[in-house]
Engineer: 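Pasting a structure below so you can have a look.
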2 protein chains.
Amino acid sequence: MVTARPLRRDAQRNRELLVAAARALFAERGIDVPLEEIARRAGVSIGTLYNRFPHRAALIDAVFADRVTATAALAEHALAMDDPWEGFVFFLERVCELQATDRGYNDLAARRIPEATATEEARRHGERLMRRIVARAQEAGALRADLTLEDLAFVFWGQARTVEATREIAPDAWRRHLALMLDGLRASAAHPLPEPPLRPEEAMQAMGGCRD
Amino acid sequence: MVTARPLRRDAQRNRELLVAAARALFAERGIDVPLEEIARRAGVSIGTLYNRFPHRAALIDAVFADRVTATAALAEHALAMDDPWEGFVFFLERVCELQATDRGYNDLAARRIPEATATEEARRHGERLMRRIVARAQEAGALRADLTLEDLAFVFWGQARTVEATREIAPDAWRRHLALMLDGLRASAAHPLPEPPLRPEEAMQAMGGCRD
DNA sequence: CTAGAACTTGAGGGCACCCTCAGGTTAGCG
DNA sequence: CGCTAACCTGAGGGTGCCCTCAAGTTCTAG
């Protein structure tokens with residue numbers, strides 16, 4: 001897989017130009033930016049883009065796989081922190097920061113792209129770590145005991161919209177939203193919840209089936 | 001304005017068919033449903049649709065103005081409730097219920113359509129009432145004192161996404177999300193917030209500038 | 001019943017994006 | 001240097017939605 005028959009040098013170069021262009025445009029305008037624009041920004045024809053990346057998901061994979069990996073690193077760091085609650089908060093804040101900085105990342109935080117296999121694989125790894133962050137904060141009695149990993153999807157969905165809406169007007173407004181949400185996640189704030197949590201597969205489907 | 005030169009009878013009938021079709025389709029598929037489809041469902045040509053409603057916003061106005069008014073009625077009811085906190089919760093729950101039921105309403109909860117003047121006017125009225133709901137719950141010491149009306153936009157934005165994502169998989173999941181959020185809004189849960197609230201105009205702009 | 005204003009119709013031009021493929025270009029091996 | 005496979009190109013066909021307008025139809029006042 002690492003050595004998948006080397007590209008000719010010009011092709012390799014074009015590939016890199018495309019990934020760079022995509023990275024920039026995804027960050028600026030989100031994951032749905034027209035492919036033609038990516039090609040133009042890379043200084044390459046649309047045909048070449050399709051030669052290198054048969055579909056948008058392949059391009060997303062090339063751009064984001066590492067970033068989702070970086071998120072996993074954040075999770076590791078959170079787990080290494082002394083205070084479990086602070087680790088939990090640290091992680092959420094950092095992820096939301098990425099959501100606020102990079103429009104493409106924000107899109108990916110709220111919806112899955114099943115065809116982007118590398119990205120999805122990295123996401124799964126991140127999820128395993130997050131599960132541990134949650135469990136650890138709960139064992140310490142800081143995070144409410146009835147919270148599941150799937151509930152965090154609510155946090156990211158909410159942040160996704162808030163970040164999008166306020167990006168231009170008040171780029172840090174999301175911190176306030178997150179803080180309000182966090183106050184609801186503390187064990188000390190917990191009141192009984194009216195609905196059972198999403199099952200993991202349900203949460204998966206929910207992220208996949210999100211249009212717009 | 002009430003008597004704006006009566007339409008010919010057939011035109012009036014077509015208008016009603018169009019509004020009914022739009023109401024149904026907005027509810028099913030959201031506010032961005034193709035106009036051609038609305039015309040088809042109404043059994044009328046696309047040209048007729050444009051005769052009656054020069055732009056989508058006019059149609060939105062015709063469909064939603066009353067529903068936003070109904071939301072104001074919810075607010076009045078909330079204000080009439082004995083317990084201010086319960087009034088607050090009642091209001092949020094009902095609005096979120098509407099968001100969950102009607103995809104078009106959900107869209108409107110998260111973004112303004114400045115050209116839809118009647119709808120916007122009704123929204124402003126609802127806002128005045130909501131401000132009172134918030135103030136009353138704060139005075140009773142139940143709602144955190146640092147919360148502003150604009151902060152509720154975060155709630156609605158978040159719910160908008162959650163409702164959209166979970167509608168098919170778990171239609172009541174939003175209740176859990178809302179409950180978590182509510183636990184963060186209680187006075188007893190309050191920790192200092194890291195950011196100042198949005199100013200009212202900022203919140204307005206934020207809802208207007210939301211693409212997707 | 002008739003005239004003419006009001007209304008309806010749907011084909012069609014515009015636009016933005018998708019993706020393909022025939023024909024021209026280039027890298028790099030021998 | 002020459003040859004071939006790999007690569008690039010961009011015009012163009014497909015789709016879906018927007019909105020307009022010239023030509024026909026229908027209502028209604030007189």
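We name chains A, B, ... by the order of the sequence lines, and we start the count at 1 in each one.
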Engineer: Salt bridge check, A/Glu120 against A/Arg112: does any charged N sit closer than 4.0 Å to a carboxylate O?
Structural biologist: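 Looking at A/Arg112 and A/Glu120, the cut-off is met.
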Engineer: Relative to the ring of A/His177, is the ring of B/Phe154 parallel (under 30°), tilted (30 to 60°) or perpendicular (over 60°)?
Structural biologist: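 If you compare the ring of B/Phe154 with that of A/His177, the planes turn out parallel.
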Engineer: Return each pair, listed once, that meets ring-ring contact (aromatic ring centres under 6.0 Å, His included) where at least one residue sits in residues 14-40 of chain A; pairs must be two or more places apart or across chains.
Structural biologist: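 Found A/Phe26-A/Phe64.
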Engineer: Considering residues at least two apart in sequence or located in another chain, which fulfil the side-chain contact (heavy atoms from CB on, under 4.5 Å) criterion with B/Arg199?
Structural biologist: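 Expected list: B/Glu201, B/Glu202.
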Engineer: Charged N to carboxylate O under 4.0 angstrom, B/Arg175 versus B/Glu93?
Structural biologist: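 Between B/Glu93 and B/Arg175 there is no salt bridge, as every charged N stays at least 4.0 Å from the carboxylate O atoms.
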Engineer: Are A/Arg161 and A/Glu164 close enough for a salt bridge, meaning some N to O gap below 4.0 Å?
Structural biologist: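 Not counted as a salt bridge, because no side-chain N and carboxylate O are separated by less than 4.0 Å.
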Engineer: To the nearest angstrom, how far is B/Tyr50 atom OH from D/dC17 atom P?
Structural biologist: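 For the pair B/Tyr50 OH and D/dC17 P, the rounded distance is 12 Å.
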Engineer: Mind listing the residues from residues 53-63 of chain B sitting with a heavy atom below 4.0 Å of DNA chain C? Number order is fine.
Structural biologist: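 Correct list: empty, so none.
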Engineer: For the pair made of CD in B/Glu36 and C1' in C/dG13, what is the distance, rounded to whole Å?
Structural biologist: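 Those two atoms, CD and C1', are 13 Å apart.
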Engineer: Whole Å only: how far is the CD atom of A/Glu16 from the P atom of D/dC8?
Structural biologist: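 Roughly 12 Å, once rounded to whole Å.
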Engineer: Considering residues at least two apart in sequence or located in another chain, which fulfil the side-chain contact (heavy atoms from CB on, under 4.5 Å) criterion with B/Ala135?
Structural biologist: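 Expected list: B/Glu139.
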Engineer: Is any NZ, NE, NH1 or NH2 atom of the basic residue among B/Arg186 and A/Asp183 found under 4.0 Å from an Asp or Glu carboxylate oxygen of the other?
Structural biologist: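 Salt bridge: no.
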Engineer: What string of B, S and - do you get for nucleotides 2-11 of chain C, 5' to 3', if B is base contact, S is sugar-phosphate-only contact and - is no contact with any protein heavy atom under 4.0 Å?
Structural biologist: ---BBSBBBB
Engineer: With 3.5 Å as the limit, what N/O pairs link the protein to nucleotides 22-24 of chain D?
Structural biologist:
none

Engineer: Between B/Glu37 (CD) and D/dC17 (P), how many Å, whole number?
Structural biologist: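 Taking CD of B/Glu37 and P of D/dC17, I get 7 Å after rounding.
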Engineer: If you measure from the Lys or Arg side-chain nitrogens to the Asp or Glu carboxylate oxygens, is any gap between A/Arg131 and A/Glu150 under 4.0 Å?
Structural biologist: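 A salt bridge is present here (some side-chain N lies under 4.0 Å from a carboxylate O).
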Engineer: Separation of B/Arg29 atom CZ from D/dC17 atom C1', in whole Å?
Structural biologist: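 Whole-Å distance recorded here is 13 Å.
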Engineer: Is it the case that the side chains of B/Thr119 and B/Asp61 hold a donor-acceptor pair, with the cut-off being a distance below 3.5 Å and no angle test?
Structural biologist: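 Note: B/Asp61 and B/Thr119 side chains meet the donor-acceptor criterion.
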Engineer: Is the shortest side-chain N to carboxylate O distance from B/Asp10 to B/Arg13 below 4.0 Å?
Structural biologist: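 Salt bridge: no.
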